[in-house]
Every structure is written in C-alpha cells, then in structure tokens.
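A short worksheet on the structure shown next.
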Amino acid sequence: MPDWKKLIAGKIAIAKIGNKPGKANTNERVPAGQTEVKNFPILDLGILPDINKSNWQLRIYGLVDHEITLDWNAFQQLPQVTDVSDFHCVTRWTRLDMDWVGVKAQDLLMMAGPLDTAKFATLHGYDGYTTNLDIEALLDDDVIVAHSVLGYPLTTVHGGPVRMIVPKRYAWKGAKWLKGIELHAEDRPGFWEVRGYHNYADPFKEQRFSEDDEL
Ligand SMILES: Nc1nc2c(c(=O)[nH]1)N[C@H]1C(S)=C(S)[C@@H](COP(=O)(O)O)O[C@H]1N2
Ligand SMILES: [Mo]
C-alpha cells in the first residue's frame with residue numbers, strides 16, 4: 001500500500017506550485033498555467049488493480065430504470081467512436097490530440113435509462129478511486145469510455161482495459177480502470193474532491209482547488 005498521507009501531500013504540493021492565475025500560453029488550446037508535453041505521464045494512487053479483459057465488468061446503477069452490467073464482449077459490440085481531445089492534468093501538463101477510442105458515455109447511460117431524479121454521478125475505479133460529475137457533463141458528446149489511445153489498447157498503467165475520458169475537465173475526473181457509473185440525486189464529492197480539488201474542474205477557468213474560487 002502507498003503511504004497515503006505522503007502521496008496526497010506530495011501531489012497537492014506539486015499541483016499548487018505557482019497556484020495563481022497562470023500566464024497565457026501562446027497556443028490557445030493549452031490552458032493558462034499548463035505546459036504542453038509530448039509524452040504521457042502516469043498519475044494515480046499507486047494501486048494497480050488486477051483487471052484485464054477477461055475479468056473486467058462495467059456496472060451502471062443507482063437512479064436508473066434498469067441497472068446494466070457489461071463484460072468485455074458486450075462492451076465491444078456497442079457502437080465504437082474515436083474522439084480526439086486534449087488532456088489536461090492538474091499537475092500542470094497538457095497533452096494535445098489524444099485520439100481516444102471507445103463507447104460514448106451517453107450511449108451507456110441511455111441503455112440504463114437515467115431516472116428524472118438522477119442529477120449527479122460517481123465514477124468508480126477498480127482501485128477504489130472515485131470522482132464525481134454532474135450528469136450533464138457525462139452526457140456531453142465528447143465523453144468517452146475508452147479502451148484505446150494513440151493506436152493501441154490502453155496499457156494497465158493508463159487505466160486499461162477501460163477508463164473514462166472527460167475532455168472539458170481536468171484529467172482526475174476521468175477514472176482509470178472504470179468499474180462503475182453510479183447515478184444519484186445529490187452530488188457526492190470523490191477521492192480528490194474531498195481533499196480540496198475543485199468540484200467542477202474546468203481547466204480553462206483554472207479550477208484546480210476549491211479555494212481557487214476565492215482567489
Ligand atoms: N482509478 C483511478 N483513476 C484515476 C486516478 C487514480 O488514481 N485512480 N488518477 C486520476 C488523476 S489525478 C489523473 S491526472 C489521471 C491520470 O491519467 P494517466 O495516468 O493516464 O495520465 O487519471 C485520473 N484517474
Ligand atoms: Mo491528477
């Protein structure tokens with residue numbers, strides 16, 4: 001197990017370096033305070049779950065008309081799309097033009113039939129990670145439950161077999177090793193959100209920490 005206190009304090013410290021409205025970037029696709037990278041760093045809690053295509057399942061549950069559980073084969077049979085988007089990590093790196101392949105989150109939600117009372121979601125990872133989103137964010141056209149990027153199946157360290165991608169929010173809103181999408185009436189802050197990360201997390205508004213709202 002990782003040393004949680006140290007890991008969390010370290011990550012927050014890194015993300016806070018120069019925690020003030022950043023300088024404008026020359027490339028308008030790179031948000032203020034971010035630097036473009038060409039590599040693909042790995043950021044997570046340090047727990048690699050033992051999940052692969054044969055034991056992976058995705059459950060959509062909570063305030064839905066009918067709960068669904070998909071295995072790898074069922075997931076592959078759903079309509080597949082490619083969505084090219086930019087990836088912004090709160091620790092200040094941005095990678096442009098990531099060509100995620102997978103199933104639109106909106107298609108999955110529609111299969112389960114969200115109830116009118118469903119306003120928020122928790123994304124659950126197999127490592128125990130959680131993150132929260134409002135349901136509108138999840139229904140956005142560019143939100144992908146992804147199995148491949150840059151021409152290859154997702155590696156385990158990047159969340160394979162399947163992870164979530166929410167391009168309009170900082171990358172922590174995209175749960176790796178996606179296990180479940182749970183819908184609720186009320187907002188339930190996730191792993192980083194209860195530790196001070198911003199609830200909404202728009203990179204173009206530099207919503208890194210909830211305290212940024214007061215800056
Ligand atoms: N299940 C899970 N998903 C996660 C995390 C995690 O620890 N566990 N870390 C988040 C954070 S903080 C970031 S920045 C991105 C990093 O994705 P990457 O490692 O593919 O770059 O994954 C997000 N999704
Ligand atoms: Mo992150």
Side-chain angles (χ1 to χ4, degrees), residues 1-17 19 30-31 33-52 56-59 83 85-102 105 121-133 137-138 143-182 189-203 206-210 212:
M1 286 297 273
D3 180 342
W4 288 96
K5 260 186 113 171
K6 216 170 138 189
L7 180 94
I8 289 161
K11 281 202 61 168
I12 289 181
I14 291 166
K16 280 197 174 171
I17 295 170
N19 185 27
V30 180
Q34 298 289 112
T35 304
E36 186 184 350
V37 298
K38 299 285 185 190
N39 61 335
F40 190 8
I42 297 160
L43 280 108
D44 55 47
L45 303 176
I47 303 165
L48 275 194
D50 185 17
I51 288 298
N52 54 57
W56 176 80
Q57 288 196 323
L58 175 63
R59 188 172 159 224
D83 186 82
S85 62
D86 303 334
F87 192 91
H88 311 291
C89 177
V90 73
T91 59
R92 299 184 178 274
W93 55 272
T94 286
R95 174 143 182 188
L96 302 176
D97 296 317
M98 298 291 271
D99 54 349
W100 302 99
V101 186
T122 297
L123 310 181
H124 295 268
Y126 276 96
D127 57 346
Y129 183 81
T130 57
T131 187
N132 58 313
L133 286 166
L138 213 50
V143 177
I144 305 290
V145 178
H147 57 71
S148 297
V149 72
L150 304 170
Y152 293 95
L154 274 180
T155 54
T156 305
V157 287
H158 285 299
V162 171
R163 76 174 297 165
M164 193 80 169
I165 289 297
V166 187
K168 294 191 182 77
R169 309 291 176 97
Y170 281 117
W172 85 78
K173 292 287 186 182
K176 306 205 280 192
W177 313 292
L178 188 66
K179 176 187 184 184
I181 302 176
E182 184 183 6
F191 182 90
W192 284 115
E193 292 83 4
V194 300
R195 290 168 175 81
Y197 279 30
H198 201 282
N199 201 51
Y200 193 91
D202 181 342
E206 279 208 75
Q207 292 172 332
R208 299 172 191 275
F209 301 96
S210 39
D212 291 344

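In listed order, ligands and their atoms are each counted from 1.
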Thr130 versus His124, side-chain donor and acceptor atoms under 3.5 Å:
no
Under 4.0 Å to a heavy atom of [X] - the qualifying atoms of ligand 1, by number:
X: Ala175; value: 3 (N), 24 (N)
X: Cys89; value: 14 (S)
X: His158; value: 18 (P), 19 (O), 20 (O), 21 (O)
X: Asp44; value: 6 (C), 7 (O), 9 (N)
X: Phe87; value: 17 (O), 21 (O)

Does an N or O anywhere in Pro41 fall below 3.5 Å from an N or O of ligand 1?
yes
Is the closest N or O pair between Trp93 and ligand 1 shorter than 3.5 Å?
no
A side-chain contact here means heavy atoms from C-beta on lying under 4.5 Å apart; do Leu154 and His147 qualify?
no
So Leu45 and Phe191, do their side chains get closer than 4.5 Å, heavy atoms only?
yes
So which atom in [X] and which in [Y] form the shortest heavy-atom distance, rounded to 0.1 Å?
X: Leu138; Y: Ala121; value: CD2-CB, 3.6 Å
X: Gly190; Y: Asn132; value: N-OD1, 3.2 Å
X: Lys173; Y: Asn199; value: NZ-O, 2.6 Å
X: Ile51; Y: Pro161; value: CG2-CD, 3.6 Å
X: Trp177; Y: Gly160; value: CD1-O, 3.1 Å
X: Pro41; Y: His158; value: O-CE1, 3.2 Å

Tell me whether Arg163 reaches ligand 1 (any heavy atom closer than 4.0 angstrom to a ligand atom).
yes
Ligand 1 contacted by Phe40 (non-hydrogen, < 4.0 Å):
yes
Under 4.0 Å, heavy-atom basis, I'd like to know which part of [X] is in contact with ligand 1: side chain, backbone, both or neither.
X: Tyr126; value: neither
X: Asp127; value: side chain
X: Tyr129; value: side chain
X: Tyr170; value: neither

In the protein, what heavy atom is nearest to [atom], and what distance, to one decimal place, separates them?
atom: atom 12 (S) of ligand 1; value: Lys11 NZ, 3.2 Å
atom: atom 23 (C) of ligand 1; value: Gly174 O, 3.4 Å
atom: atom 16 (C) of ligand 1; value: Leu43 O, 3.3 Å
atom: atom 19 (O) of ligand 1; value: Lys176 NZ, 2.5 Å
atom: atom 11 (C) of ligand 1; value: Trp172 CA, 3.6 Å

At what distance, to the nearest 0.5 angstrom, does CG of Asn39 lie from CH2 of Trp93?
7.5 Å
Any donor and acceptor pair, going by atom type alone, linking the side chain of Arg92 with main-chain N or O of Gln34 inside 3.5 Å?
no
